[in-house]
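As C-alpha coordinates, the structure follows; a few thoughts come after it.
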2 protein chains.
Amino acid sequence: MDKNSRILLVEDEEALGYLLSEYLGMKSFTVHWAKNGNEAIGLLERREFDLVLLDVTMPVVDGFTLAKRIKEKYPELPFLFLTARSLKVDVLKGFSLGAVDYLKKPIDEEELVARITAILSRIQVIPPDKEPKRYLLGSYIFDAVNQKLVFEGEETGLTSRESELLQLLADNKNNLCSHRDILIQLWGENDYFNRKSLNVFITRLRTYLKKDRKIRIENVHGKGFILSLQDN
Amino acid sequence: MDKNSRILLVEDEEALGYLLSEYLGMKSFTVHWAKNGNEAIGLLERREFDLVLLDVTMPVVDGFTLAKRIKEKYPELPFLFLTARSLKVDVLKGFSLGAVDYLKKPIDEEELVARITAILSRIQVIPPDKEPKRYLLGSYIFDAVNQKLVFEGEETGLTSRESELLQLLADNKNNLCSHRDILIQLWGENDYFNRKSLNVFITRLRTYLKKDRKIRIENVHGKGFILSLQDN
DNA sequence: AAGCATATTAATCTTTCATTAATTCTTATT
DNA sequence: AATAAGAATTAATGAAAGATTAATATGCTT
(Lines give C-alpha, C1' and ligand atoms only; values in the text may rest on other atoms or scores of the structure.)
Protein backbone atom coordinates (compact mmCIF):
# COMPACT_ATOMS: atom_id res chain seq x y z
CA MET A 1 0.00 0.00 0.00
CA ASP A 2 2.19 2.78 1.15
CA LYS A 3 5.47 2.81 -0.64
CA ASN A 4 8.57 3.42 1.29
CA SER A 5 7.87 0.61 3.67
CA ARG A 6 10.91 -0.60 5.51
CA ILE A 7 11.84 -4.19 5.01
CA LEU A 8 14.40 -6.17 6.93
CA LEU A 9 15.85 -8.87 4.73
CA VAL A 10 17.67 -11.63 6.55
CA GLU A 11 19.59 -13.76 4.11
CA ASP A 12 23.02 -15.30 4.34
CA GLU A 13 23.52 -16.10 0.68
CA GLU A 14 25.40 -13.26 -0.95
CA ALA A 15 23.97 -13.58 -4.42
CA LEU A 16 20.32 -13.90 -3.51
CA GLY A 17 20.57 -11.27 -0.79
CA TYR A 18 22.06 -8.80 -3.20
CA LEU A 19 19.51 -9.57 -5.86
CA LEU A 20 16.57 -9.22 -3.55
CA SER A 21 17.71 -6.07 -1.84
CA GLU A 22 18.37 -4.44 -5.20
CA TYR A 23 15.05 -5.52 -6.64
CA LEU A 24 12.98 -4.51 -3.65
CA GLY A 25 14.91 -1.26 -3.44
CA MET A 26 13.92 -0.54 -7.03
CA LYS A 27 10.33 -1.11 -6.08
CA SER A 28 10.78 1.76 -3.64
CA PHE A 29 10.93 -0.26 -0.51
CA THR A 30 13.62 0.66 1.94
CA VAL A 31 15.61 -2.50 2.43
CA HIS A 32 18.09 -3.37 5.12
CA TRP A 33 19.97 -6.54 4.52
CA ALA A 34 21.21 -8.48 7.52
CA LYS A 35 23.50 -11.34 6.65
CA ASN A 36 22.86 -13.35 9.77
CA GLY A 37 20.54 -13.60 12.71
CA ASN A 38 22.62 -11.56 15.10
CA GLU A 39 22.87 -8.69 12.71
CA ALA A 40 19.13 -8.83 12.32
CA ILE A 41 18.55 -8.71 16.05
CA GLY A 42 20.78 -5.68 16.34
CA LEU A 43 19.00 -3.87 13.56
CA LEU A 44 15.61 -4.63 15.05
CA GLU A 45 16.78 -3.08 18.31
CA ARG A 46 17.64 0.26 16.87
CA ARG A 47 15.62 0.69 13.74
CA GLU A 48 11.98 0.33 12.84
CA PHE A 49 10.66 -2.03 10.25
CA ASP A 50 7.33 -2.77 8.70
CA LEU A 51 8.08 -6.32 7.64
CA VAL A 52 10.76 -8.98 7.94
CA LEU A 53 11.72 -11.35 5.19
CA LEU A 54 13.48 -14.38 6.60
CA ASP A 55 15.60 -17.14 5.24
CA VAL A 56 15.38 -20.31 7.30
CA THR A 57 18.69 -21.99 6.67
CA MET A 58 21.31 -19.77 8.19
CA PRO A 59 24.37 -20.34 10.31
CA VAL A 60 24.50 -19.34 13.98
CA VAL A 61 20.87 -18.28 14.49
CA ASP A 62 18.49 -20.02 12.11
CA GLY A 63 15.37 -18.42 10.75
CA PHE A 64 12.92 -20.29 12.96
CA THR A 65 14.75 -19.27 16.10
CA LEU A 66 14.91 -15.71 14.93
CA ALA A 67 11.20 -15.78 14.13
CA LYS A 68 10.46 -16.91 17.64
CA ARG A 69 12.39 -13.99 19.06
CA ILE A 70 10.67 -11.56 16.77
CA LYS A 71 7.28 -12.85 17.83
CA GLU A 72 8.21 -12.38 21.46
CA LYS A 73 9.74 -8.94 21.26
CA TYR A 74 7.76 -7.40 18.42
CA PRO A 75 4.49 -9.31 18.29
CA GLU A 76 2.94 -6.89 15.82
CA LEU A 77 5.74 -7.04 13.31
CA PRO A 78 4.81 -9.28 10.38
CA PHE A 79 7.41 -11.68 9.11
CA LEU A 80 7.46 -14.19 6.32
CA PHE A 81 9.77 -16.97 5.31
CA LEU A 82 11.50 -17.30 2.01
CA THR A 83 13.27 -20.59 1.88
CA ALA A 84 14.32 -23.63 -0.06
CA ARG A 85 13.01 -25.88 2.69
CA SER A 86 9.66 -26.82 1.28
CA LEU A 87 8.94 -29.83 3.44
CA LYS A 88 5.46 -29.81 4.81
CA VAL A 89 6.64 -29.92 8.41
CA ASP A 90 8.71 -26.83 7.82
CA VAL A 91 5.85 -24.96 6.24
CA LEU A 92 3.59 -25.83 9.14
CA LYS A 93 6.26 -24.93 11.63
CA GLY A 94 6.68 -21.58 9.93
CA PHE A 95 3.01 -20.76 10.23
CA SER A 96 2.77 -22.05 13.76
CA LEU A 97 5.49 -19.58 14.71
CA GLY A 98 3.26 -16.82 13.46
CA ALA A 99 4.49 -16.29 9.93
CA VAL A 100 2.26 -14.36 7.58
CA ASP A 101 3.46 -16.26 4.57
CA TYR A 102 5.85 -19.03 3.67
CA LEU A 103 7.41 -18.81 0.24
CA LYS A 104 9.41 -21.43 -1.52
CA LYS A 105 12.52 -20.66 -3.49
CA PRO A 106 12.91 -19.93 -6.24
CA ILE A 107 10.34 -17.17 -6.02
CA ASP A 108 9.35 -14.93 -8.85
CA GLU A 109 10.27 -11.39 -7.85
CA GLU A 110 7.05 -9.88 -9.05
CA GLU A 111 5.04 -12.36 -7.08
CA LEU A 112 7.14 -11.61 -4.05
CA VAL A 113 6.39 -7.91 -4.39
CA ALA A 114 2.69 -8.66 -4.87
CA ARG A 115 2.63 -10.73 -1.71
CA ILE A 116 4.54 -8.19 0.33
CA THR A 117 2.26 -5.45 -0.89
CA ALA A 118 -0.79 -7.53 -0.01
CA ILE A 119 0.51 -8.00 3.51
CA LEU A 120 1.42 -4.37 4.06
CA SER A 121 -1.90 -3.17 2.80
CA ARG A 122 -3.66 -5.16 5.49
CA ILE A 123 -1.63 -3.65 8.26
CA GLN A 124 -3.13 -1.11 10.52
CA VAL A 125 -1.23 2.11 10.32
CA ILE A 126 -1.70 2.94 13.96
CA PRO A 127 1.76 3.91 15.09
CA PRO A 128 2.59 1.48 17.86
CA ASP A 129 3.45 4.13 20.45
CA LYS A 130 7.01 3.09 20.83
CA GLU A 131 7.92 3.45 24.42
CA PRO A 132 10.90 5.67 25.01
CA LYS A 133 13.84 3.40 25.51
CA ARG A 134 15.94 4.68 28.34
CA TYR A 135 19.38 3.75 29.56
CA LEU A 136 20.94 4.73 32.83
CA LEU A 137 24.54 5.65 32.25
CA GLY A 138 26.01 6.87 35.50
CA SER A 139 24.46 10.26 36.14
CA TYR A 140 23.21 10.41 32.60
CA ILE A 141 19.89 9.27 31.28
CA PHE A 142 19.99 8.33 27.65
CA ASP A 143 16.70 8.27 25.76
CA ALA A 144 17.41 6.40 22.57
CA VAL A 145 14.05 6.94 20.91
CA ASN A 146 14.05 10.67 21.35
CA GLN A 147 17.79 10.85 20.85
CA LYS A 148 18.42 12.76 24.03
CA LEU A 149 21.04 12.66 26.68
CA VAL A 150 20.06 14.16 30.00
CA PHE A 151 22.49 15.18 32.70
CA GLU A 152 21.05 16.77 35.82
CA GLY A 153 17.98 17.95 33.99
CA GLU A 154 20.00 19.50 31.23
CA GLU A 155 19.34 17.79 27.93
CA THR A 156 21.43 17.43 24.84
CA GLY A 157 20.01 16.39 21.52
CA LEU A 158 21.95 13.71 19.76
CA THR A 159 22.12 13.15 16.05
CA SER A 160 20.88 9.88 14.65
CA ARG A 161 24.31 8.39 14.28
CA GLU A 162 25.44 9.51 17.71
CA SER A 163 22.35 8.00 19.20
CA GLU A 164 22.61 4.71 17.37
CA LEU A 165 26.22 4.35 18.34
CA LEU A 166 25.60 5.14 21.95
CA GLN A 167 22.74 2.70 22.00
CA LEU A 168 24.87 -0.05 20.58
CA LEU A 169 27.56 0.63 23.17
CA ALA A 170 24.99 0.85 25.95
CA ASP A 171 23.42 -2.43 24.95
CA ASN A 172 26.84 -3.96 25.49
CA LYS A 173 27.77 -1.96 28.54
CA ASN A 174 31.12 -3.00 29.96
CA ASN A 175 31.63 -5.30 27.03
CA LEU A 176 33.74 -4.95 23.98
CA CYS A 177 32.06 -3.84 20.78
CA SER A 178 34.36 -4.64 17.93
CA HIS A 179 34.93 -2.12 15.19
CA ARG A 180 33.66 -4.68 12.81
CA ASP A 181 30.34 -5.24 14.53
CA ILE A 182 29.75 -1.55 15.01
CA LEU A 183 30.48 -0.74 11.41
CA ILE A 184 28.38 -3.57 10.04
CA GLN A 185 25.49 -2.71 12.32
CA LEU A 186 25.44 1.03 11.79
CA TRP A 187 27.15 1.65 8.49
CA GLY A 188 26.41 -1.63 6.81
CA GLU A 189 29.99 -1.92 5.71
CA ASN A 190 33.34 -2.28 7.36
CA ASP A 191 35.87 -0.23 5.46
CA TYR A 192 38.67 2.24 6.03
CA PHE A 193 36.61 5.39 5.63
CA ASN A 194 33.74 4.33 7.80
CA ARG A 195 36.21 3.47 10.48
CA LYS A 196 37.55 6.99 10.35
CA SER A 197 34.04 8.25 10.65
CA LEU A 198 33.43 6.04 13.66
CA ASN A 199 36.40 7.66 15.40
CA VAL A 200 34.88 11.06 14.95
CA PHE A 201 31.66 9.91 16.57
CA ILE A 202 33.49 8.28 19.44
CA THR A 203 35.20 11.56 20.15
CA ARG A 204 31.91 13.38 20.13
CA LEU A 205 30.25 10.95 22.48
CA ARG A 206 33.19 11.29 24.81
CA THR A 207 32.79 15.03 25.00
CA TYR A 208 29.10 14.61 25.81
CA LEU A 209 29.87 12.07 28.49
CA LYS A 210 32.72 13.75 30.24
CA LYS A 211 30.59 15.34 32.94
CA ASP A 212 30.52 12.06 34.84
CA ARG A 213 33.89 10.44 35.31
CA LYS A 214 32.35 7.11 36.18
CA ILE A 215 31.33 6.57 32.60
CA ARG A 216 33.71 6.51 29.71
CA ILE A 217 34.41 4.98 26.36
CA GLU A 218 37.55 2.90 26.45
CA ASN A 219 39.48 1.80 23.45
CA VAL A 220 40.91 -1.68 23.06
CA HIS A 221 43.75 -1.24 20.67
CA GLY A 222 43.09 -2.86 17.37
CA LYS A 223 39.82 -4.39 18.59
CA GLY A 224 37.10 -1.90 19.38
CA PHE A 225 35.45 0.08 22.15
CA ILE A 226 33.89 -0.50 25.54
CA LEU A 227 31.39 1.76 27.21
CA SER A 228 32.58 1.22 30.73
CA LEU A 229 30.58 2.17 33.77
CA GLN A 230 32.20 2.09 37.16
CA ASP A 231 29.70 1.06 39.75
CA ASN A 232 29.72 2.68 43.18
CA MET B 1 -10.74 -15.80 16.87
CA ASP B 2 -9.73 -18.44 14.38
CA LYS B 3 -11.96 -21.19 15.63
CA ASN B 4 -15.46 -21.23 14.38
CA SER B 5 -14.74 -18.62 11.81
CA ARG B 6 -17.20 -18.55 8.94
CA ILE B 7 -15.74 -19.41 5.60
CA LEU B 8 -17.41 -19.08 2.25
CA LEU B 9 -16.04 -21.65 -0.14
CA VAL B 10 -16.74 -21.01 -3.81
CA GLU B 11 -15.88 -24.08 -5.85
CA ASP B 12 -17.66 -25.65 -8.79
CA GLU B 13 -15.93 -29.02 -8.74
CA GLU B 14 -18.04 -31.43 -6.76
CA ALA B 15 -15.26 -33.65 -5.49
CA LEU B 16 -12.89 -30.96 -4.32
CA GLY B 17 -15.67 -28.84 -2.92
CA TYR B 18 -16.94 -31.70 -0.85
CA LEU B 19 -13.49 -32.63 0.34
CA LEU B 20 -12.61 -29.13 1.39
CA SER B 21 -15.84 -28.32 3.11
CA GLU B 22 -15.65 -31.55 5.05
CA TYR B 23 -12.06 -31.03 6.03
CA LEU B 24 -12.44 -27.41 7.03
CA GLY B 25 -15.61 -28.30 8.87
CA MET B 26 -13.66 -30.86 10.86
CA LYS B 27 -11.22 -28.18 11.80
CA SER B 28 -14.16 -26.41 13.37
CA PHE B 29 -14.60 -23.75 10.78
CA THR B 30 -18.13 -23.05 9.71
CA VAL B 31 -18.13 -23.63 6.00
CA HIS B 32 -20.68 -22.58 3.44
CA TRP B 33 -20.13 -24.04 0.04
CA ALA B 34 -21.32 -22.11 -2.98
CA LYS B 35 -21.09 -24.04 -6.23
CA ASN B 36 -20.98 -21.01 -8.47
CA GLY B 37 -20.56 -17.28 -8.41
CA ASN B 38 -24.22 -16.41 -8.23
CA GLU B 39 -24.80 -18.65 -5.28
CA ALA B 40 -21.84 -17.00 -3.59
CA ILE B 41 -23.26 -13.55 -4.17
CA GLY B 42 -26.55 -14.64 -2.69
CA LEU B 43 -24.89 -16.08 0.39
CA LEU B 44 -22.77 -13.00 0.92
CA GLU B 45 -25.90 -10.91 1.03
CA ARG B 46 -27.69 -13.11 3.48
CA ARG B 47 -24.91 -14.10 5.81
CA GLU B 48 -21.74 -12.77 7.31
CA PHE B 49 -18.38 -14.31 6.60
CA ASP B 50 -14.88 -13.92 7.89
CA LEU B 51 -13.12 -15.15 4.81
CA VAL B 52 -13.81 -16.27 1.25
CA LEU B 53 -12.00 -19.08 -0.51
CA LEU B 54 -12.34 -18.74 -4.25
CA ASP B 55 -11.79 -20.95 -7.21
CA VAL B 56 -10.93 -19.03 -10.36
CA THR B 57 -12.12 -21.29 -13.12
CA MET B 58 -15.87 -21.42 -12.79
CA PRO B 59 -18.75 -21.25 -15.23
CA VAL B 60 -21.00 -18.19 -15.43
CA VAL B 61 -19.19 -15.89 -13.01
CA ASP B 62 -15.48 -16.60 -12.78
CA GLY B 63 -13.44 -16.14 -9.64
CA PHE B 64 -11.75 -12.94 -10.68
CA THR B 65 -15.03 -11.26 -11.48
CA LEU B 66 -16.46 -12.41 -8.21
CA ALA B 67 -13.40 -11.11 -6.37
CA LYS B 68 -13.91 -7.72 -7.93
CA ARG B 69 -17.48 -7.61 -6.70
CA ILE B 70 -16.47 -8.69 -3.23
CA LYS B 71 -13.85 -5.97 -3.08
CA GLU B 72 -16.42 -3.39 -4.07
CA LYS B 73 -19.22 -4.45 -1.78
CA TYR B 74 -17.26 -5.82 1.19
CA PRO B 75 -13.88 -4.14 1.06
CA GLU B 76 -12.88 -5.46 4.46
CA LEU B 77 -13.66 -9.08 3.75
CA PRO B 78 -10.48 -11.04 3.06
CA PHE B 79 -10.53 -13.46 0.15
CA LEU B 80 -7.99 -15.81 -1.29
CA PHE B 81 -7.74 -17.85 -4.42
CA LEU B 82 -7.32 -21.56 -4.63
CA THR B 83 -6.83 -22.54 -8.19
CA ALA B 84 -5.13 -24.69 -10.76
CA ARG B 85 -4.26 -21.64 -12.82
CA SER B 86 -0.72 -21.06 -11.75
CA LEU B 87 0.39 -18.78 -14.54
CA LYS B 88 2.27 -15.79 -13.30
CA VAL B 89 -0.15 -13.33 -14.88
CA ASP B 90 -2.99 -14.98 -13.02
CA VAL B 91 -1.17 -14.85 -9.73
CA LEU B 92 -0.41 -11.17 -10.19
CA LYS B 93 -3.94 -10.47 -11.29
CA GLY B 94 -5.23 -12.19 -8.19
CA PHE B 95 -3.16 -10.04 -5.90
CA SER B 96 -3.92 -6.88 -7.81
CA LEU B 97 -7.60 -7.55 -7.19
CA GLY B 98 -6.83 -7.48 -3.50
CA ALA B 99 -6.40 -11.13 -2.67
CA VAL B 100 -4.74 -11.99 0.59
CA ASP B 101 -3.23 -15.17 -0.76
CA TYR B 102 -3.12 -17.12 -3.98
CA LEU B 103 -2.78 -20.88 -3.62
CA LYS B 104 -2.04 -23.37 -6.30
CA LYS B 105 -3.80 -26.71 -6.54
CA PRO B 106 -3.19 -29.27 -5.39
CA ILE B 107 -2.88 -27.83 -1.92
CA ASP B 108 -2.04 -29.72 1.19
CA GLU B 109 -5.04 -29.44 3.51
CA GLU B 110 -2.97 -28.80 6.58
CA GLU B 111 -1.11 -26.02 4.86
CA LEU B 112 -4.40 -24.54 3.76
CA VAL B 113 -5.62 -24.51 7.33
CA ALA B 114 -2.36 -22.97 8.49
CA ARG B 115 -2.67 -20.22 5.93
CA ILE B 116 -6.29 -19.51 6.71
CA THR B 117 -5.52 -19.41 10.38
CA ALA B 118 -2.65 -17.03 9.76
CA ILE B 119 -4.93 -14.69 7.85
CA LEU B 120 -7.72 -14.77 10.39
CA SER B 121 -5.37 -14.17 13.27
CA ARG B 122 -4.19 -10.97 11.64
CA ILE B 123 -7.61 -9.49 11.41
CA GLN B 124 -7.44 -6.33 13.35
CA VAL B 125 -9.65 -5.63 16.21
CA ILE B 126 -9.54 -1.90 16.27
CA PRO B 127 -9.84 -0.85 19.89
CA PRO B 128 -12.37 1.94 20.23
CA ASP B 129 -10.21 3.85 22.64
CA LYS B 130 -11.49 7.26 23.40
CA GLU B 131 -8.93 9.94 22.86
CA PRO B 132 -8.83 12.74 25.31
CA LYS B 133 -10.18 15.75 23.51
CA ARG B 134 -8.74 18.46 25.65
CA TYR B 135 -5.09 19.03 26.29
CA LEU B 136 -3.11 21.17 28.65
CA LEU B 137 -0.08 22.48 26.88
CA GLY B 138 1.78 24.78 29.21
CA SER B 139 -0.35 27.89 29.51
CA TYR B 140 -2.41 26.86 26.53
CA ILE B 141 -5.54 24.82 26.50
CA PHE B 142 -6.09 22.96 23.30
CA ASP B 143 -9.60 21.83 22.53
CA ALA B 144 -9.29 19.30 19.77
CA VAL B 145 -13.00 18.85 19.20
CA ASN B 146 -13.73 22.49 18.64
CA GLN B 147 -10.32 23.10 17.13
CA LYS B 148 -9.50 25.91 19.46
CA LEU B 149 -6.36 27.00 21.17
CA VAL B 150 -6.84 29.15 24.23
CA PHE B 151 -4.16 31.27 25.82
CA GLU B 152 -5.16 33.35 28.81
CA GLY B 153 -8.76 33.49 27.73
CA GLU B 154 -7.84 34.57 24.25
CA GLU B 155 -8.80 31.93 21.73
CA THR B 156 -7.49 31.10 18.31
CA GLY B 157 -9.40 28.97 15.86
CA LEU B 158 -7.40 26.23 14.23
CA THR B 159 -8.01 24.69 10.85
CA SER B 160 -8.68 20.97 10.64
CA ARG B 161 -5.18 20.09 9.58
CA GLU B 162 -3.61 22.28 12.21
CA SER B 163 -5.78 20.70 14.82
CA GLU B 164 -5.15 17.14 13.71
CA LEU B 165 -1.45 17.71 13.68
CA LEU B 166 -1.39 19.34 17.07
CA GLN B 167 -3.48 16.53 18.48
CA LEU B 168 -1.13 13.91 17.15
CA LEU B 169 1.82 15.74 18.63
CA ALA B 170 0.00 16.29 21.91
CA ASP B 171 -0.92 12.63 22.17
CA ASN B 172 2.77 11.92 22.06
CA LYS B 173 3.89 14.82 24.18
CA ASN B 174 7.63 14.81 24.77
CA ASN B 175 8.01 11.94 22.40
CA LEU B 176 9.18 11.78 18.87
CA CYS B 177 6.55 11.63 16.15
CA SER B 178 8.23 10.50 13.00
CA HIS B 179 7.47 12.25 9.74
CA ARG B 180 6.43 8.95 8.46
CA ASP B 181 3.82 8.29 11.09
CA ILE B 182 2.49 11.81 10.90
CA LEU B 183 2.18 11.75 7.15
CA ILE B 184 0.62 8.34 6.98
CA GLN B 185 -1.75 9.15 9.77
CA LEU B 186 -2.87 12.56 8.52
CA TRP B 187 -2.18 12.58 4.82
CA GLY B 188 -2.41 8.87 4.13
CA GLU B 189 0.79 8.92 2.19
CA ASN B 190 4.40 9.65 2.86
CA ASP B 191 5.84 11.51 -0.07
CA TYR B 192 7.98 14.50 -0.85
CA PHE B 193 5.16 16.99 -1.32
CA ASN B 194 3.20 16.06 1.73
CA ARG B 195 6.33 16.41 3.72
CA LYS B 196 6.75 19.94 2.46
CA SER B 197 3.20 20.60 3.42
CA LEU B 198 3.83 19.26 6.88
CA ASN B 199 6.64 21.78 7.30
CA VAL B 200 4.28 24.60 6.56
CA PHE B 201 1.91 23.42 9.26
CA ILE B 202 4.69 23.01 11.75
CA THR B 203 5.68 26.60 11.17
CA ARG B 204 2.12 27.72 11.72
CA LEU B 205 1.72 25.80 14.93
CA ARG B 206 4.95 27.26 16.15
CA THR B 207 3.71 30.79 15.65
CA TYR B 208 0.53 29.97 17.56
CA LEU B 209 2.51 28.44 20.38
CA LYS B 210 5.21 31.00 20.83
CA LYS B 211 3.47 32.89 23.61
CA ASP B 212 4.62 30.31 26.13
CA ARG B 213 8.29 29.53 26.00
CA LYS B 214 7.86 26.34 27.97
CA ILE B 215 6.18 24.67 25.04
CA ARG B 216 7.76 24.21 21.68
CA ILE B 217 7.99 21.95 18.69
CA GLU B 218 11.45 20.52 18.35
CA ASN B 219 12.81 18.92 15.25
CA VAL B 220 14.89 15.77 15.27
CA HIS B 221 16.86 15.96 12.10
CA GLY B 222 15.82 13.35 9.58
CA LYS B 223 13.35 11.77 12.00
CA GLY B 224 10.45 13.95 12.96
CA PHE B 225 9.12 16.33 15.58
CA ILE B 226 8.62 16.46 19.32
CA LEU B 227 6.11 18.62 21.08
CA SER B 228 8.18 19.28 24.12
CA LEU B 229 6.79 20.67 27.32
CA GLN B 230 9.14 21.81 30.00
CA ASP B 231 7.69 21.11 33.39
CA ASN B 232 7.96 23.86 36.02
C1' DA C 1 -19.91 33.32 -9.92
C1' DA C 2 -17.58 35.98 -6.34
C1' DG C 3 -15.38 35.80 -2.18
C1' DC C 4 -13.45 33.57 1.58
C1' DA C 5 -10.94 30.03 4.13
C1' DT C 6 -7.89 26.49 3.69
C1' DA C 7 -4.55 23.45 1.77
C1' DT C 8 -0.89 22.68 -1.33
C1' DT C 9 2.97 23.93 -4.12
C1' DA C 10 6.80 26.79 -5.08
C1' DA C 11 10.79 29.43 -4.26
C1' DT C 12 14.33 30.89 -1.27
C1' DC C 13 17.08 30.91 2.52
C1' DT C 14 19.13 28.64 6.74
C1' DT C 15 20.73 24.92 9.43
C1' DT C 16 22.27 20.40 10.36
C1' DC C 17 25.06 16.63 10.06
C1' DA C 18 27.84 12.76 8.17
C1' DT C 19 31.84 12.48 5.94
C1' DT C 20 36.44 13.67 4.53
C1' DA C 21 40.71 15.64 5.37
C1' DA C 22 44.57 17.23 7.95
C1' DT C 23 47.18 16.88 12.05
C1' DT C 24 48.77 15.32 16.38
C1' DC C 25 49.11 11.84 19.82
C1' DT C 26 49.47 6.59 21.44
C1' DT C 27 50.59 2.11 21.34
C1' DA C 28 52.89 -1.99 19.79
C1' DT C 29 56.83 -4.14 17.63
C1' DT C 30 61.43 -4.51 16.32
C1' DA D 1 64.88 4.30 20.23
C1' DA D 2 62.91 4.00 15.71
C1' DT D 3 59.13 2.91 13.00
C1' DA D 4 54.62 1.96 11.66
C1' DA D 5 49.91 1.30 12.56
C1' DG D 6 46.09 2.73 15.29
C1' DA D 7 43.56 6.30 17.59
C1' DA D 8 42.09 11.00 18.83
C1' DT D 9 41.12 15.57 17.75
C1' DT D 10 39.78 19.53 15.20
C1' DA D 11 38.32 21.70 11.22
C1' DA D 12 36.37 21.98 6.43
C1' DT D 13 32.99 20.59 3.06
C1' DG D 14 28.87 19.58 0.60
C1' DA D 15 24.54 17.55 0.40
C1' DA D 16 20.22 17.02 2.47
C1' DA D 17 16.71 18.52 5.55
C1' DG D 18 14.21 22.14 7.56
C1' DA D 19 12.14 26.85 8.04
C1' DT D 20 9.90 30.61 6.21
C1' DT D 21 7.27 33.38 3.20
C1' DA D 22 4.74 33.91 -0.87
C1' DA D 23 1.94 32.24 -4.63
C1' DT D 24 -1.43 29.14 -6.41
C1' DA D 25 -5.11 25.95 -6.25
C1' DT D 26 -9.12 23.84 -4.21
C1' DG D 27 -13.38 23.82 -2.38
C1' DC D 28 -17.35 26.06 0.25
C1' DT D 29 -20.84 29.39 1.10
C1' DT D 30 -23.59 32.72 -0.29
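First the proteins, then the strands, lettered A, B, ... as listed; each starts at 1.
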* **Heavy atoms of other groups near B:Lys173 NZ, more than 12 under 6.0 Å** => no
* To do: Not counting sequence neighbours, list each pair that qualifies as a salt bridge (charged side-chain N to carboxylate O under 4.0 Å, His left out) and has a residue in residues 175-195 of chain A.
  => none
* Within this structure, what is the CG-to-P distance between A:Leu205 and D:dA7, rounded to whole angstrom? -> 16 Å
* Take the protein atom CD of B:Glu218 and the nucleotide atom C1' of D:dA19, then report the distance between them rounded to whole Å. => 16 Å
* **For DNA chain C, the residues among residues 170-198 of chain A that have a non-hydrogen atom under 4.0 Å from it** => A:Trp187, A:Phe193, A:Ser197
* **Upstream residue (5' side of DNA chain D) when A:His221 and A:Arg204 are each assigned their closest nucleotide** => A:His221
* Give a yes or no on whether A:Arg69 atom CZ has more than 12 heavy-atom contacts from other residues, nucleotides or ligands under 6.0 Å away. => no
* **Neighbour count >12 (heavy atoms, 6.0 Å) for atom NZ, A:Lys105** => yes
* Give the rounded distance in Å between these two atoms: CG of A:Asn219 and P of C:dC25. => 18 Å
* Taking only the side-chain heavy atoms of A:Phe201 (C-beta and beyond), determine which of C:dA7, C:dA18, D:dT21 contains the nearest atom. => C:dA18
* Asked: Do any side-chain nitrogens or oxygens of A:Thr159 fall under 4.0 Å of OP1 or OP2 in C:dA18?
  -> yes
* Any idea which of D:dT20, C:dA21, C:dA18 is nearest the A:Arg161 side chain? -> C:dA18
* Are any of the side-chain nitrogens in A:Lys148 or A:Glu155 under 4.0 Å away from the carboxylate oxygens of its partner? -> yes
* Asked: How long is the line joining CD of B:Glu162 and C1' of C:dT8, in whole Å?
  -> 13 Å
* Asked: Would one find a side-chain N or O of B:Thr203 under 4.0 angstrom from OP1 or OP2 of D:dT20?
  -> yes
* Taking the six-membered ring for Trp, are A:Tyr140 and A:Phe151 parallel (under 30°), tilted (30 to 60°) or perpendicular (over 60°)? -> tilted
* Asked: Parallel, tilted or perpendicular: which fits the ring planes of A:Tyr102 and A:Phe95, with parallel below 30° and perpendicular above 60°?
  -> tilted
* Structure fact -> Rounded to whole Å, the CD-C1' distance (B:Gln147 to C:dA7) equals 14 Å
* Whole-Å distance separating the NZ atom of B:Lys210 from the P atom of D:dA19 -> 13 Å
* Structure fact -> Of D:dA8, C:dT20, D:dT21, the nucleotide closest to the side chain of A:Asn199 is D:dA8
